[in-house]
Number of protein chains: 2
Amino acid sequence: MARPKPDKSTLLAALAGHVLEHGLNTASLRPMAAAAGTSDRMLIYHFGTKDALIAELLEFLAIQMSAGLEAVLPPVTFESEAELVARVVELMRSEPFQPYIRVWLDIVSGSGQGLAAHRTAGGKIIDVYLEWIAVRHPEGRARAAFVLTLIEGILVMDAVGRSETADAAIKALGK
Amino acid sequence: MARPKPDKSTLLAALAGHVLEHGLNTASLRPMAAAAGTSDRMLIYHFGTKDALIAELLEFLAIQMSAGLEAVLPPVTFESEAELVARVVELMRSEPFQPYIRVWLDIVSGSGQGLAAHRTAGGKIIDVYLEWIAVRHPEGRARAAFVLTLIEGILVMDAVGRSETADAAIKALGK
DNA sequence: CTTTTATTGTAGCGAATGCTACATAATCCC
DNA sequence: GGGATTATGTAGCATTCGCTACAATAAAAG
């Protein structure tokens, strides 16, 4: 009775891997299925609909993008806000984060287009990151929102090839 | 001899209108053609390729998104950085800007996926906005980058339904 | 062992995709 | 006016899309 499939998360992990490499909003059933070692037929069988699949995949991605944050940056409070920002940006710009940032921008774009599942997942991810930053912020929770918002802006700048502007923003924060 | 079509900009304007309403990254030839009162056949005739069309459309959009900025917010320097940010955000959140923001997020997403035309257009748009902010910033050009980056982050927050976080960031800026 | 029930493969449908071949109409040049 | 060039319509092709019908197998239940 509505018992969840035993290895659905295995399936979702494979789908997530494909999406992280090839993009979320342009993903289609047959390539995803191939990446997961199965068929489009079976994806529909398991999820009912592509939209439902994407919705579940977004939940999975939201968790995956939130998990491991503690491991990659231990919960130490920094000496200054500027230093925290610099450290997080350095992290976000590192190689292993790139696929997640691409997917993140897809989520944001989809949210803008009014896709409910995208928006829900996007909001949850922001919530987790906000908390993650708050724990590490010396000036307390109120400023965490500011820091995270700035970092999101930096991601945008980086995406369109204006990292210099992002760097200028970080520098301006210092003084 | 390679004389440019007389009303290609008219065509591009119609295409831009369609894309502003229905999204850039999901646009396909036949609906675009219908919106422009033509056929897919003619779009290919004029632009050669869909990719080329998108590239030209992105240039057009970059200009269109930059033009009119002066009109909508006269080049007055504000009393404080916080006030400037508040005013610009108010502008960006206003109804008529919504379609442009959706397209903007599509451009950012496409840039993240490595689409060169998207990235080029996105960079140009940032450049123009940066200049636009610099002219209005009381504390000079160096801080304009900071302000614009923060605003981009606010757009992201708004997109995923976390305007409260964006507002908190703006407020935090005040003190 | 047999009868359900859950899982999977094969094949394909109808729609949409970007793009092209071919023919026709309009326009320009001389 | 006639030949060449430019513009446009009509059809369609090959591919991919999400999804489904049908049948076969595998597993569970009695």
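Naming: A, B, ... by sequence-line order, numbering from 1 per chain.
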Atom-to-atom span, [atom1] of [X] to [atom2] of [N] - whole angstrom:
X	N	atom1	atom2	answer
B:Y45	C:dC22	OH	C1'	15 Å
A:F47	C:dT7	CZ	P	13 Å
B:R41	C:dA25	CZ	C1'	13 Å
B:L43	D:dT8	CG	P	11 Å
B:D51	C:dC19	CG	C1'	12 Å
B:L11	D:dA7	CG	P	12 Å
B:I54	C:dT17	CD1	C1'	13 Å
B:I44	D:dT10	CD1	C1'	16 Å

Is the closest basic N to carboxylate O distance between B:R93 and B:D167 below 4.0 Å?
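Salt bridge flag = yes for B:D167 with B:R93.
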What I want to find out is whether A:E70 reaches A:R136 closely enough, with some N-O distance under 4.0 Å, to be called a salt bridge.
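Yes, A:E70 and A:R136 are salt-bridged.
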Qualifying salt bridge (charged side-chain N to carboxylate O under 4.0 Å, His left out) pairs with a residue from residues 22-35 of chain A, counting only residues at least two apart or across chains:
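Qualifying pairs: A:R30-A:D40.
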Salt bridge (charged side-chain N to carboxylate O under 4.0 Å, His left out) contacts touching residues 45-66 of chain B (sequence neighbours left out):
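For residues 45-66 of chain B: B:K8-B:E56.
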Output all residues satisfying salt bridge (charged side-chain N to carboxylate O under 4.0 Å, His left out) with A:E131, sequence neighbours left out; order by chain, then residue number.
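Checked A:E131 against salt bridge (charged side-chain N to carboxylate O under 4.0 Å, His left out); matches are A:R141.
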Sub-3.5 Å pairs of nitrogen or oxygen atoms, protein against nucleotides 26-28 of chain D:
none

Quick one: which of C:dT7, C:dA21, C:dC19 gets closest to the side chain of B:T49?
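Of C:dT7, C:dA21, C:dC19, C:dC19 is nearest to the side chain of B:T49.
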Hydrogens and angles aside, do B:Y129 and B:E152 bring a side-chain donor and acceptor to less than 3.5 Å of each other?
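No pair is found: no donor N or O on one side chain lies under 3.5 Å from an acceptor on the other.
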Derivation and outcome, side-chain hydrogen bond (donor to acceptor under 3.5 Å, both in side chains), residues B:D106 and B:H118
CA-CA 9 Å; B:D106 268 359; B:H118 284 62; over 6 Å; no
Nucleic acid contacts of residues 13-39 of chain A, taken as heavy-atom distances under 4.0 Å to DNA chain C:
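The stretch gives A:R30, A:S39 as the residues lying under 4.0 Å from the strand, ordered by number.
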Qualifying residue, where the test is side-chain contact (heavy atoms from CB on, under 4.5 Å) with A:T149 and the options are B:I151, B:L155, B:L150
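The passing option is B:L150.
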Taking side chain to side chain contact (heavy atoms under 4.5 Å, CB included) as the test, write out the residues that go with B:A117, two or more places apart.
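B:A117 satisfies side chain to side chain contact (heavy atoms under 4.5 Å, CB included) with B:A55, B:L58 once adjacent residues are dropped.
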Any donor-acceptor N/O pair under 3.5 Å between C:dC19 base and B:D40 side chain
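Under the 3.5 Å cut-off, the side chain and the base do form a donor-acceptor pair.
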